[in-house]
Amino acid sequence: MSRNKKLLSNAMIFIIGNFGSKVISLLLVPMYTYFLTAEQYGTIDLLITSLNLCLPLISFSLFDAVFRFVMNKRMDATKVLSTGFISMCLLLLCLGLISPILAIVHVPNVVLFVLILGSSAILTMFQNFVRAYGQAKTVAIAGIVNSLALVFLNVLLIIRMRMKVEGYLLSYLIATLIAITYLVVRIKLWQFIRLTAFSKELLTKMLRYSVPLIPNTLAWWFTNSVGRFLILYFVGITANGLFAVANKVPTIINLCFAFFIQAWQISVVDEYSSPDRSEYYSRVFKALQQVMFLLTAILISLIKPMTAVFFASDYYESWQYLPILLVAVVFMNFASFLGTIYLAAEKTTGLVTTTVYGMVINLLVSGCLTPLLGINGTGIGMGAGFLIMMLLRLHHLKKFVPIVMPWKVANISLIGLLITTLGLYSTSLMVEALLMGIGLVLVVVVNREIVINLFRLIMSLAPQKIT
């Protein structure tokens with residue numbers, strides 16, 4: 001199988017397997033906006049954001065090392081998972097011992113938070129192992145199982161039992177445990193975990209790879225999440241709830257990127273030893289950009305009707321924060337794509353520097369603009385941080401894997417997105433339609449290559465006409 005077909009095949013597996021689960025997650029947002037106040041949803045958002053912050057800390061990012069080392073065909077998969085899982089259990093035991101400290105500092109729902117943290121770390125490790133072991137379909141199905149369990153439990157605990165924040169957290173925990181159980185039973189993971197397979201030498205190598213990912217993950221989290229705390233401080237908890245809901249629309253872009261990146265993480269490692277890896281990575285990067293810009297232009301043009309249909313009236317004003325958040329997420333995904341090349345090259349320390357610079361820029365810009373512009377100031381800071389991160393990675397990658405950036409396509413696409421956004425703020429329907437039409441046409445024309453290729457692909461799959 002050629003590398004393009006392999007990438008497409010893996011991507012289709014994750015699309016088919018994860019589409020239902022991601023759609024379910026998006027469909028839950030209207031339920032949250034109707035049955036939870038903006039303050040309650042803001043509290044949930046902060047807890048889940050904090051969970052993502054703590055996850056690499058308590059796990060030493062060993063789940064990332066498990067994926068990369070299992071992908072190395074010279075490594076014994078049983079030895080890798082046994083070493084990673086046993087080490088993870090010891091780390092989680094330490095977490096349980098220090099958890100009373102969290103109660104002292106008044107962390108809300110501390111018991112549920114700690115349990116979710118531990119179960120999420122184990123689920124991530126098992127998912128990475130199964131994906132690297134070549135069982136992408138199983139990982140995709142586990143995602144569906146997790147989402148179906150979450151929606152059922154949300155309806156039961158939040159709507160029927162009126163448990164609000166506690167109901168969401170309990171749903172999250174039980175759904176995670178169900179997904180873990182599915183993976184363990186489906187792959188018989190107990191066969192890959194043996195105390196005798198634990199290796200201190202291998203653990204040292206894994207930590208040498210994963211530990212640099214901790215400050216990188218923290219800086220990445222900070223770049224992506226500091227806005228929530230700035231909004232909380234300068235604007236208030238209700239505004240943070242609006243920001244959390246507004247962030248759900250960019251999730252559509254992240255949804256498409258998530259399908260792709262799961263497959264790409266396999267391909268980028270497989271192709272790293274290829275002599276034309278730079279050209280291949282550059283072609284894929286260009287195609288990714290074209291798809292992201294087209295999708296963003298479409299979403300910006302549909303922002304107002306989407307917020308009116310899917311969000312409660314109290315959240316309708318969140319539409320005005322969406323354009324800058326969508327562009328910020330696009331830059332975030334571009335930076336993430338470039339980050340996978342560092343992982344394939346096992347140069348994890350290179351990730352840290354670029355991410356920290358992006359974090360600093362985000363903090364400075366958001367800190368200055370949030371008091372003045374509110375949520376939009378936070379969005380501008382996020383966009384600036386991820387843009388700088390992307391540019392720095394492009395420059396740094398020249399040392400070992402040069403990536404060609406299609407500047408003309410990117411710049412004209414951004415101008416098209418700006419014109420489309422200006423149309424949203426027009427008080428005249430005629431001017432709004434004109435500007436949005438011009439912006440959309442501009443983005444489509446400059447990215448026509450990917451549109452033509454997709455059209456040809458669809459036509460090639462259509463039944464041939466009988467003459």
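Values below: all heavy atoms of this structure, side chains included; hydrogens, waters and symmetry mates excluded. What you see is a predicted model; the values in this text were computed from it and never measured.
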N/O donor-acceptor pair under 3.5 Å between N362 side chain and M382 backbone
yes
Let me see the working for V365 and I361 under side-chain contact (heavy atoms from CB on, under 4.5 Å), right down to the final yes or no.
CA-CA 6 Å; V365 176; I361 294 298; 4.1 Å; yes
Quick one: sort the F192 and Y133 rings into parallel, tilted or perpendicular, breaks at 30° and 60°.
perpendicular
Assess the side chains of Q135 and R186: does a donor N or O sit below 3.5 Å from an acceptor N or O?
no
Quick one: does V130's side chain get under 4.5 Å of L189's, heavy atoms only?
yes
Check: R194/S82 side-chain N/O donor and acceptor closer than 3.5 Å
no
For a 4.5 angstrom cut-off between non-hydrogen side-chain atoms, does V70 reach L81?
no
Taking the inter-plane angle between the rings of F334 and F331 on a 0 to 90° scale, is it parallel (under 30°), tilted (30 to 60°) or perpendicular (over 60°)?
perpendicular
Using ring centroids (six-membered ring only for Trp), state whether W264 and Y281 fall under 6.0 Å.
yes
Taking the side chain as every heavy atom from C-beta outward, state whether L397 and I341 have any atom pair closer than 4.5 Å.
yes
Test side chain to side chain contact (heavy atoms under 4.5 Å, CB included), reference L62, set N128, T83, L203, output is L203
Give the C-alpha distance, both sets of side-chain angles, the deciding distance and a yes or no for side-chain contact (heavy atoms from CB on, under 4.5 Å) between L338 and M389.
CA-CA 10 Å; L338 297 173; M389 190 188 305; over 6 Å; no
Do the side chains of T340 and I261 get nearer than 4.5 Å, heavy atoms only?
yes
For L295, enumerate each residue passing the side chain to side chain contact (heavy atoms under 4.5 Å, CB included) test, keeping only those at least two apart in sequence or located in another chain.
I253, C256, L299
Contact between I122 and L92 at the side-chain level, heavy atoms closer than 4.5 Å - yes or no?
yes
Around atom CG of L372, are there more than 12 heavy atoms of other residues, nucleotides or ligands at under 6.0 Å?
yes
State, to 0.1 Å, how close A335 and F386 come at their nearest heavy-atom pair, and which atoms those are.
CB-O, 4.3 Å
So that I know where these two stand, are F126 and F85 an aromatic pair - ring centroids less than 6.0 Å apart?
yes
Side-chain heavy-atom pair N146, L123 within 4.5 angstrom cut-off:
yes
Within the distance-only criterion (no hydrogens, no angle test), does the side chain of Y272 pair as donor or acceptor with the backbone N or O of L343 below 3.5 angstrom?
no
Between F285 and F337, is the gap from one ring center to the other below 6.0 Å?
yes
Are S210 and R68 close enough that a side-chain donor and a side-chain acceptor fall under 3.5 Å?
no
Scan for salt bridge (Lys or Arg N to Asp or Glu O under 4.0 Å) pairs involving residues 294-304, sequence neighbours excluded, and state none if there are none.
K304-E432
Checking side-chain polar atoms at under 3.5 Å, does T378 have a donor or acceptor matched by the opposite partner on S366?
no
Pairwise side-chain contact, L417 with L414, heavy-atom cut-off 4.5 Å (strictly under):
yes
Measure from the side-chain N and O atoms of T124 to the backbone N and O of F63, and report whether any donor-acceptor pair falls under 3.5 Å.
no
Evaluate V80 against M206 for side-chain contact (heavy atoms from CB on, under 4.5 Å), listing each step before the verdict.
CA-CA 9 Å; V80 172; M206 293 173 69; 4.2 Å; yes
Main chain of S120, side chain of T176: is a donor-acceptor contact present, judged purely on distance under 3.5 Å?
no
Are I450 and L294 close enough, and set up right, to give a side-chain contact (heavy atoms from CB on, under 4.5 Å), and what steps lead you there?
CA-CA 9 Å; I450 195 68; L294 285 169; 3.4 Å; yes
Audit row: R393, T355, side chain to side chain donor-acceptor pair (under 3.5 Å) steps and yes/no
CA-CA 9 Å; R393 288 182 176 179; T355 307; 2.7 Å; yes
